[in-house]
J.: 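Let me give you the structure first, and then I'll get to my questions.
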Amino acid sequence: MTSFSIGQTDFLRDGRPHRVISGAIHYFRVHPEQWQDRIAKARMMGLNTIETYVAWNAHEPRRGEWDATGWNDLGRFLDLVADAGMDAIVRPGPYICAEWHNGGLPVWLTGDDRALRSSEPSFLADVTGYLRRVYDIVAPRQIDRGGPVVLVQIENEYGAYGADKAYLEELVRVTRDAGITVPLTTVDQPTDQMLADGSLPTLHKTGSFGSRSAERLATLRRHQPTGPLMCSEFWDGWFDWWGGVHHTTEVDAAASDLDELLAAGASVNIYMFHGGTNFGLTNGANDKGRYLPITTSYDYDAPLDESGNPTAKFFAFRDVIAKYAPVPDEQPSLRSQAPSFSASLSPAGAWTDTAASASASAHPLTFDELEHRSGLVRYDVDLPDATGGLLVVEEVRDLAWVSVDGTTVGALSRTRHDRAIEIPAGRTLSILVEDQGRVNYDRRLGEEKGLIGVPTLDGAPLTGWRSTPLDVVAIAASVGDRIDAAVSGPSAWVGAFTLETPTDLFLDTADWSKGYAFVNGFFLGRYWRNGPQRTMYVPAPATHVGENRIVVLELERLLAPIAAFVSGPSLGDTAE
């Protein structure tokens, strides 16, 4: 069997110096029927390795319900990497960041007061169970057992969060006890404190950065005096958030930065090679004083775009890599344009008017208290003496539509730091709250969602709240073909279109406001006219020959009852 180890100056493959030239593909962001295509294109760019995070909350959304099938079939993904003649790097966290909801941690794990990412015993007990399940998949696929896995990472940029060495030591112990024999690494941004806090002397330190390679490698070398230098996250693009711009990096500059890194003799993992999509409700969010939820598209301005099409960056990177390593003669072909057409949408009635919960509570129950993992909860309360006044909330997480007796009054946005709204007199106050994505980075990791605290009306507490979870997926599945009258508030819409062959599509949402879209029951994700993203990617495996069905759950208003499909992606204006 092949061996892989860390030498005095290099990675060693069967005792010979070896450079890792890797690219990131997150299996949980790509339709499983498209994994093989994305991996093959990575090889064509000259990569010899594929890196992936493991998303705990995708595998175990509810405590004890472990799933490693379908979209979560990490073993199959790694086997496809091996079939392509490539190596693999696995980063199981347990925290992954990745602009993925809750940083990959399950909501059931973070819904109490215990210290996250620490040596707190109950947290470690859950983490241990998770890692053992992951390593049951990874261990038999290590390179010294005939598989592709050459490196396993411990935690993820831990130096930006904590410095609990006992925690890291326990992760190493669990990893080794589970039969992981390949080298173990850590990754941190190249600052002295982060590199010192985020690792252990027994672990090989790597860096995460996207420019000024020589300077950052020098910082890394001070903390990792022997062995190969590696940038485990070479940021070749960036992610987008709702209300922002579409982030891109200049192709020549990115290629030059990669060239500088490889010229220094370093190994690299390009983050991302292929970003993929935050399908469903899987996007994360950042909050460094202002809450910014991540878009559905995770295109990342990567060499392979959201739909798997090679970009100019692909070919520029391929040319750089060819200076330092063999590159296959085979090149991916540029895909032809997607079909353009429109389908009419018919109204299917209101969809957030589910009967209110029968039980009442003194305060609005959070999503976490309700053990609710979907995107919406509706809160209803009787107004005392049918009066109006100034409604004040402690905090809304993350966006709320306020109505009185069925008439919309306005909205409260966490991003805008809204806390108050004047409401008219009426009998019933309803507040529909959307979880727009759980924070994936820093101290707000694991926070609860919903209406926080006890709202007041003209300073007096409002009590007797009925908190009603709304399951977006279940509601979409229940939308029938019956035509109903259009409604003024949240409305469901349904339509159909015909295809001669399964194909990638790009759904233009410019004439819609905010909501969720489904094709043949496949949850494409969120759309929002707030931008920058304008199109939603529909992967070919979600379509089929003949009639295809689309369901739209609109939260505000459709400007036109049309589902328009366009020839390519439109991800918004870019920064100057």
Side-chain angles (χ1 to χ4, degrees), residues 22-29 50-60 74 88-106 109-110 115-119 123-124 126-128 130-131 134-135 138 149 151-165 167-172 174-175 180 182-191 193-200 202-210 220 223-224 230-235 239 268-272 275 282 284-286 294 298 300 438-446:
S22 174
I25 303 174
H26 300 156
Y27 60 96
F28 44 87
R29 279 186 161 121
I50 297 293
E51 175 270 315
T52 187
Y53 280 127
V54 180
W56 185 355
N57 53 13
H59 286 274
E60 194 177 10
L74 172 62
I89 300 170
V90 178
R91 303 206 283 169
Y95 164 79
I96 62 172
C97 184
E99 291 73 57
W100 185 256
H101 65 125
N102 222 30
L105 299 177
L109 178 80
T110 60
L116 302 178
R117 304 176 70 187
S118 77
S119 55
F123 178 75
L124 272 181
D126 284 324
V127 169
T128 297
Y130 157 69
L131 288 176
V134 173
Y135 293 145
V138 174
V149 178
L151 295 172
V152 169
Q153 184 178 288
I154 299 296
E155 246 282 347
N156 187 56
E157 291 192 330
Y158 186 62
Y161 185 88
D164 186 341
K165 300 298 186 179
Y167 169 55
L168 296 177
E169 289 167 355
E170 185 62 12
L171 295 185
V172 172
V174 171
T175 300
I180 299 300
V182 296
L184 304 181
T185 65
T186 54
V187 63
D188 283 288
Q189 297 169 49
T191 71
Q193 181 166 354
M194 289 186 187
L195 286 165
D197 289 348
S199 193
L200 298 170
T202 56
L203 300 174
H204 191 76
K205 300 178 183 67
T206 71
S208 53
F209 53 87
L220 177 60
H223 293 264
Q224 185 59 57
M230 182 170 183
C231 178
S232 285
E233 285 190 20
F234 175 74
W235 302 324
F239 54 87
V268 66
N269 175 57
I270 295 168
Y271 190 101
M272 299 289 298
T282 57
N286 283 291
I294 308 301
Y298 197 66
Y300 213 86
R438 293 190 177 247
V439 171
N440 53 257
Y441 187 77
D442 209 11
R443 299 296 163 179
R444 300 198 74 141
L445 190 69

J.: State, to 0.1 Å, how close Pro94 and Leu171 come at their nearest heavy-atom pair, and which atoms those are.
T.: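 Closest pair (atom of Pro94, atom of Leu171, distance): CD-CD1, 4.2 Å.
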J.: Rounded to the nearest 0.5 Å, what separation is found between the NE2 atom of His223 and the OG atom of Ser199?
T.: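 If I round to the nearest 0.5 Å, the distance is 10.5 Å.
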J.: Just jot down the ring pair (Phe, Tyr, Trp, His ring centres under 6.0 Å) partners of Tyr53, sequence neighbours excluded, or say none.
T.: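 Per chain and number, Tyr53 pairs via ring pair (Phe, Tyr, Trp, His ring centres under 6.0 Å) with His26.
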J.: Closest heavy-atom contact between Tyr298 and Ala98?
T.: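 For Tyr298 versus Ala98, the nearest heavy atoms are OH-O, 3.6 Å.
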J.: Under the side-chain hydrogen bond (donor to acceptor under 3.5 Å, both in side chains) rule, collect the residues that match up with Tyr135, sequence neighbours excluded.
T.: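 Here the qualifying residues are Thr175.
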J.: When rounded to the nearest 0.5 angstrom, what distance separates CG in Leu105 from CZ in Arg438?
T.: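 Taking CG in Leu105 and CZ in Arg438, the distance rounds to 11.0 Å.
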J.: I'd like to check the side chain to side chain contact (heavy atoms under 4.5 Å, CB included) partners of Ser232; sequence neighbours left out, ordered by chain and number.
T.: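 Applying side chain to side chain contact (heavy atoms under 4.5 Å, CB included) to Ser232 gives Val187, Thr206, Met230.
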J.: A side-chain contact here means heavy atoms from C-beta on lying under 4.5 Å apart; do Gln153 and Ile89 qualify?
T.: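 They are not in contact (no side-chain heavy atoms under 4.5 Å apart), so the answer is no.
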J.: Where is the tightest heavy-atom contact between Leu445 and Val439, given as atom of each residue plus distance?
T.: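 Shortest heavy-atom separation between Leu445 and Val439 comes out as CD1-O, 3.4 Å.
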J.: Are the side chains of Glu157 and Cys97 in touch, meaning some heavy atoms are under 4.5 Å apart?
T.: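 No - every pair of side-chain heavy atoms lies 4.5 Å or more apart.
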J.: Quick one: are Leu220 and Cys231 in side-chain contact, heavy atoms under 4.5 Å?
T.: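 Heavy-atom side-chain distance check fails, nothing below 4.5 Å.
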J.: For residues 88-100, pull every pair meeting salt bridge (charged side-chain N to carboxylate O under 4.0 Å, His left out), keeping only residues two or more places apart or in separate chains.
T.: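 Qualifying pairs: Glu51-Arg91, Arg91-Glu233.
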J.: Measuring centre to centre across the rings, with the benzene-like ring taken for any Trp, is Tyr158 within less than 6.0 Å of Tyr95?
T.: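 Here the rings of Tyr95 and Tyr158 have centres that are no less than 6.0 Å from each other.
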J.: Among residues at least two apart in sequence or on other chains, which ones pass side chain to side chain contact (heavy atoms under 4.5 Å, CB included) with Pro183?
T.: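 Pro183 satisfies side chain to side chain contact (heavy atoms under 4.5 Å, CB included) with Phe4, Ile6, Leu151 only.
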J.: Atom CD1 in Ile154, atom NE2 in His204: separation rounded to 0.5 Å?
T.: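 Atom-to-atom, Ile154:CD1 and His204:NE2 are 14.0 Å apart.
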J.: Got Leu74 and Thr52 here, is their nearest side-chain heavy-atom distance under 4.5 Å?
T.: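 Yes, side chains in contact.
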J.: Taking only residues two or more places apart in sequence, or in another chain, which ones meet Thr282 in a side chain to side chain contact (heavy atoms under 4.5 Å, CB included)?
T.: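 With neighbours one apart ignored, the set is Trp100, His101, Asn278.
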J.: Which heavy atom in Lys165 sits nearest to a heavy atom in Ala196, and how many Å separate them?
T.: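 Scanning both residues, the minimum pair turns out to be NZ-O, 2.6 Å.
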J.: Heavy atoms, side chains only, cut-off 4.5 Å: are Glu155 and Tyr161 in contact?
T.: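 The answer is no, as the side chains (C-beta and beyond) never meet within the 4.5 Å cut-off.
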J.: Using salt bridge (Lys or Arg N to Asp or Glu O under 4.0 Å) as the criterion, list what pairs up with Asp197, not counting sequence neighbours.
T.: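 In terms of salt bridge (Lys or Arg N to Asp or Glu O under 4.0 Å), with neighbours along the sequence ignored, Asp197 is linked to no residue.
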J.: For Ser119, which residues count as a side-chain hydrogen bond (donor to acceptor under 3.5 Å, both in side chains) partner, sequence neighbours excluded?
T.: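 side-chain hydrogen bond (donor to acceptor under 3.5 Å, both in side chains) list for Ser119, sorted by chain: Asp164.
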J.: Under the rule for salt bridge (Lys or Arg N to Asp or Glu O under 4.0 Å), what residues qualify as partners of Glu170, not counting sequence neighbours?
T.: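 With neighbours one apart ignored, the set is Arg173.
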J.: Report the C-alpha separation of Leu109 and Tyr130 in whole Å, then their side-chain angles, then the decisive distance to 0.1 Å, and conclude whether the side-chain contact (heavy atoms from CB on, under 4.5 Å) test is met.
T.: CA-CA 11 Å; Leu109 178 80; Tyr130 157 69; over 6 Å; no
J.: If you define the side chain from C-beta out and look only at heavy atoms, does anything of Tyr271 sit under 4.5 Å from Phe234?
T.: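 SC-SC contact between Tyr271 and Phe234 ruled out.
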J.: For Arg443, enumerate each residue passing the salt bridge (Lys or Arg N to Asp or Glu O under 4.0 Å) test, keeping only those at least two apart in sequence or located in another chain.
T.: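 Counting only residues at least two positions away or on another chain, Arg443 forms no salt bridge (Lys or Arg N to Asp or Glu O under 4.0 Å).
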J.: Under 4.5 Å between any side-chain heavy atoms of Ile96 and Val54, yes or no?
T.: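 A side-chain contact under 4.5 Å is absent here.
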J.: Should the pair Phe123 and Tyr167 be assigned to parallel (<30°), tilted (30 to 60°) or perpendicular (>60°) ring geometry?
T.: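 Phe123 vs Tyr167 ring planes: tilted.
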J.: Can you sort out the partners of Pro190 under side chain to side chain contact (heavy atoms under 4.5 Å, CB included), two or more places apart, ordered by chain and number?
T.: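 Pro190: side chain to side chain contact (heavy atoms under 4.5 Å, CB included) contacts with Phe209, Arg216, Thr219.
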J.: Excluding sequence neighbours, so at least two apart, what forms side-chain hydrogen bond (donor to acceptor under 3.5 Å, both in side chains) with Thr110?
T.: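 side-chain hydrogen bond (donor to acceptor under 3.5 Å, both in side chains) list for Thr110, sorted by chain: Asn102.
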